[in-house]
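These notes are about the structure you will find just below.
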There are 2 protein chains.
Amino acid sequence: MKRVTIHDVARKAGVSVTTVSRVLNDRGYISNEMKEKVLNTIEELNYIPNEMARSFFSNQSKFIALIVPTTENPFFGELTFHVEKALAKFGYHLFICNSLNDSENEEKYLRLLNEKRVDGIIVGSHNVDISEYKNYEDQIVSIERKLTKNIPMVQSDDYNGGRLATQELITQGCTNILCVTGDKNVETPANDRSIGYVDEIEKNNYRKNFIEIPFQIDLDEKLKIIKETFQGDFKYDGVFAGDDVNAKLFLNVAKEMGYDVPKDVKVIGFDGTQSIRYLVPELSTVVQPIENLAYEAVTTLLDLLKGKKVKNEVILPVELYLSETTQGSKK
Amino acid sequence: MKRVTIHDVARKAGVSVTTVSRVLNDRGYISNEMKEKVLNTIEELNYIPNEMARSFFSNQSKFIALIVPTTENPFFGELTFHVEKALAKFGYHLFICNSLNDSENEEKYLRLLNEKRVDGIIVGSHNVDISEYKNYEDQIVSIERKLTKNIPMVQSDDYNGGRLATQELITQGCTNILCVTGDKNVETPANDRSIGYVDEIEKNNYRKNFIEIPFQIDLDEKLKIIKETFQGDFKYDGVFAGDDVNAKLFLNVAKEMGYDVPKDVKVIGFDGTQSIRYLVPELSTVVQPIENLAYEAVTTLLDLLKGKKVKNEVILPVELYLSETTQGSKK
DNA sequence: TTGAAAGCGCTAACAG
DNA sequence: CTGTTAGCGCTTTCAA
């Protein structure tokens, strides 16, 4: 069906398209009489402005891309939700890209975003050669990921989160604590979580123990890695699990192996998504301010696009949420 | 910065813009010589076609909207993920709309989608007066929601899922089974889940018991409704929970109240998202084929847009996944 | 206070 | 096989 255009409105109202445009955008001088006439005609014809034409003309798509490994993961799922909400508030729309942490995917998306002329990009993914992003320095913000010196980053206070979690385990009497990390060769503030762990462990002269579980492998593989921890004597009495999914997988394995949490081993996760807090309420965890992360990333990016000066780094505080996996049942 | 356009390429290559366009789209006759010259220039100038201009001209945004209550919910989160994947496969992009099941939001989105000229809409939301959607009958497909007679719908075999779950509970010895439903006055195939329940219960001459938990209320309110079930004597020995989130909330409350699952009461959920299967592996549930739902919805919609004849209803089979909440620990 | 006309980047008749 | 030209729907000079 043929859509009604600004010309149709102009003709019907007996005015010029310029006048209609003026009414539409509330710009320039218009007599009330004209304005009303146009408004009525718009209503009558049920005219809906064509944003594609506007975008084309103004050279602004009003789309912001969010690149994440996968929205299937609760953390990125909720992040996505809040980013969309924040963007909508400012009249922008979300263009979601699931990179699956595959650099080829990510490059394809980058090309696509370029073609689509998205106005800006928020990166929460962990891949691709940083060089690719250099070309976009004036329209990128990252979340929990350092891309280049110049690209602003928004992150949680990962270091402090690591410390809080480790401290708590120690306070609860743990002396041999395992720290689960992600890919160590990806430079991300999430690594600071283990630095926080290390600092607390060293302060107490305990032993440091690590296992590495790359984020992008599938859940069965993660399970396998965790199970290997239990081969031979399982000697840890505390686990700082890096993220909540790992933490819960760990709980599952521990249960299967007949270990009692928190009696035999205490566990603290990281992220504290709403899904986890309701679906796995027994899990103690470090809660990231996901909604704020999203909001800060969005506002920082929009400021950047406006040419404003923005902070190179925004660090938001985390909070320890304690439950049964560290404290025993609270009944 | 000024972007390089097709004109720049044409000028530099010493050809007409038509020729460049032909190369770009691989249309019409071009000599290899020309083609190569153009291709080289494109490379040299690092020319990236402006999709906004193309969309504007072709009147196709290549965006498909997905309207869901909220991607925070694991089911819709995973659905969104798979819809994006399917769309990408066919060269389309996702425009995500979180309606929060608020009809005002949903109408605002509808207006926006109209302005943005999205090519089609997939509705997985549960709100808004159906009348609103009538204007889009030729470009809408719904998932698990009947909108109008003419709008194609893709759904799981909810009825059979309800039967399977109820049967299983009965087989396991339950005689007084509670069925948790959503909003009964929203017409959705999810209601067929309780019809399946009813049919099985009646076949066995047991008592029917219902509680209603609207989807859109927040999780604390859901918890409250569930807790009320436990006021006075809790008399059920089986629960068919409508969806997995409700099921897990139920498990949490039962545990808190000192009930043993599955000894005192057996529980079966519905949805079987990957999140749930890994984060709450003990939960027995009816698994929906989420990825297929997404894929069918996308292909049906794209066919519809091409003017092809499409099925008015696609029903995909579900599968019962049995675990500890019905069968006791499997150790 | 209003309108005519140019132009955003691209594709597609149409002509050569 | 290649180029000229018009036009997609809108906004914005510029002139009246």
Side-chain angles (χ1 to χ4, degrees), chain A residues 1-42 45-63 91 112-119, chain B residues 1-42 45-63 91 112-119:
Chain A
M1 95 275 202
K2 202 81 197 77
R3 289 275 202 160
V4 10
T5 75
I6 200 173
H7 285 97
D8 302 325
V9 175
R11 197 174 318 119
K12 179 102 179 190
V15 302
S16 75
V17 292
T18 313
T19 304
V20 179
S21 175
R22 286 207 181 94
V23 173
L24 246 30
N25 298 287
D26 210 15
R27 235 192 297 284
Y29 303 107
I30 321 154
S31 63
N32 280 332
E33 190 194 2
M34 277 277 149
K35 191 165 175 173
E36 196 150 334
K37 198 158 48 167
V38 169
L39 250 17
N40 287 336
T41 314
I42 286 177
L45 261 41
N46 189 24
Y47 165 69
I48 311 259
N50 184 339
E51 274 297 327
M52 287 200 295
R54 301 227 253 227
S55 290
F56 169 52
F57 177 85
S58 68
N59 216 12
Q60 291 205 318
S61 65
K62 289 288 178 182
F63 275 99
L112 176 64
L113 299 178
N114 212 332
E115 293 181 346
K116 280 282 173 183
R117 305 293 200 256
V118 299
D119 296 337
Chain B
M1 95 275 203
K2 202 82 198 75
R3 288 275 202 161
V4 9
T5 76
I6 200 172
H7 284 98
D8 301 325
V9 175
R11 196 175 317 119
K12 179 101 180 191
V15 301
S16 76
V17 290
T18 313
T19 302
V20 179
S21 174
R22 287 207 181 93
V23 173
L24 246 30
N25 299 288
D26 210 15
R27 235 194 296 284
Y29 303 107
I30 321 152
S31 65
N32 280 331
E33 189 194 2
M34 278 276 149
K35 192 165 173 173
E36 196 151 333
K37 198 159 49 169
V38 170
L39 251 18
N40 288 336
T41 314
I42 286 177
L45 261 41
N46 190 23
Y47 165 69
I48 310 259
N50 184 340
E51 274 296 327
M52 287 202 295
R54 300 226 254 228
S55 289
F56 169 53
F57 177 84
S58 67
N59 215 13
Q60 293 205 315
S61 64
K62 289 288 178 183
F63 276 100
L112 176 64
L113 298 178
N114 211 333
E115 292 180 345
K116 279 283 175 183
R117 303 294 199 258
V118 298
D119 296 336

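These numbers come from the heavy atoms of this one structure, side chains and all, not from hydrogens, waters or symmetry mates. Sequence lines set the chain letters: A, B, ... in the order given, protein chains first and strands last, and positions in each chain run from 1.
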Quick one: [X] [atom1] to [N] [atom2], roughly how many Å, whole number?
X      : N      : atom1 : atom2 : value
A:F56  : C:dC10 : CZ    : C1'   : 7 Å
A:R27  : D:dT11 : CZ    : P     : 8 Å
A:M52  : C:dC8  : CE    : P     : 20 Å
A:R54  : D:dC10 : CZ    : P     : 8 Å
A:L45  : D:dG9  : CG    : P     : 14 Å
A:K35  : C:dT2  : NZ    : P     : 11 Å
B:R22  : C:dC14 : CZ    : C1'   : 11 Å
A:R117 : C:dC10 : CZ    : P     : 7 Å

Exercise. Heavy atoms under 4.0 Å, any strand shown: does A:S21 hit a base, just sugar-phosphate, or nothing?
Worked result: base
Exercise. What nucleic acid atoms does B:N25 come within less than 4.0 Å of, heavy atoms only: base, sugar-phosphate, or nothing?
Worked result: sugar-phosphate
Any donor-acceptor N/O pair, [X] side chain to [Y] backbone, under 3.5 Å:
X     : Y      : answer
B:S61 : B:R117 : yes
A:N50 : A:M52  : yes
A:D8  : A:T5   : yes
A:T41 : A:K37  : yes

Has [X] got a side-chain N or O lying under 4.0 Å from the OP1 or OP2 atom of [N]?
X     : N     : value
B:T19 : D:dG3 : yes
A:T5  : D:dG9 : no
A:S31 : C:dT2 : yes

For this session: Establish whether the base of D:dT4 is bridged to the side chain of B:T18 by a donor-acceptor pair shorter than 3.5 Å.
Result: yes
Exercise. Starting at the 5' end of DNA chain C, which residue's closest nucleotide do you reach first, B:E51 or A:Y29?
Worked result: A:Y29
Exercise. To the side chain of B:I30, which of D:dT2, D:dC8, D:dC10 is closest?
Worked result: D:dT2
For this session: Under the side chain to side chain donor-acceptor pair (under 3.5 Å) rule, what do B:T19 and B:S16 come out as? Steps first, then yes or no, please.
Result: CA-CA 5 Å; B:T19 302; B:S16 76; 3.2 Å; yes
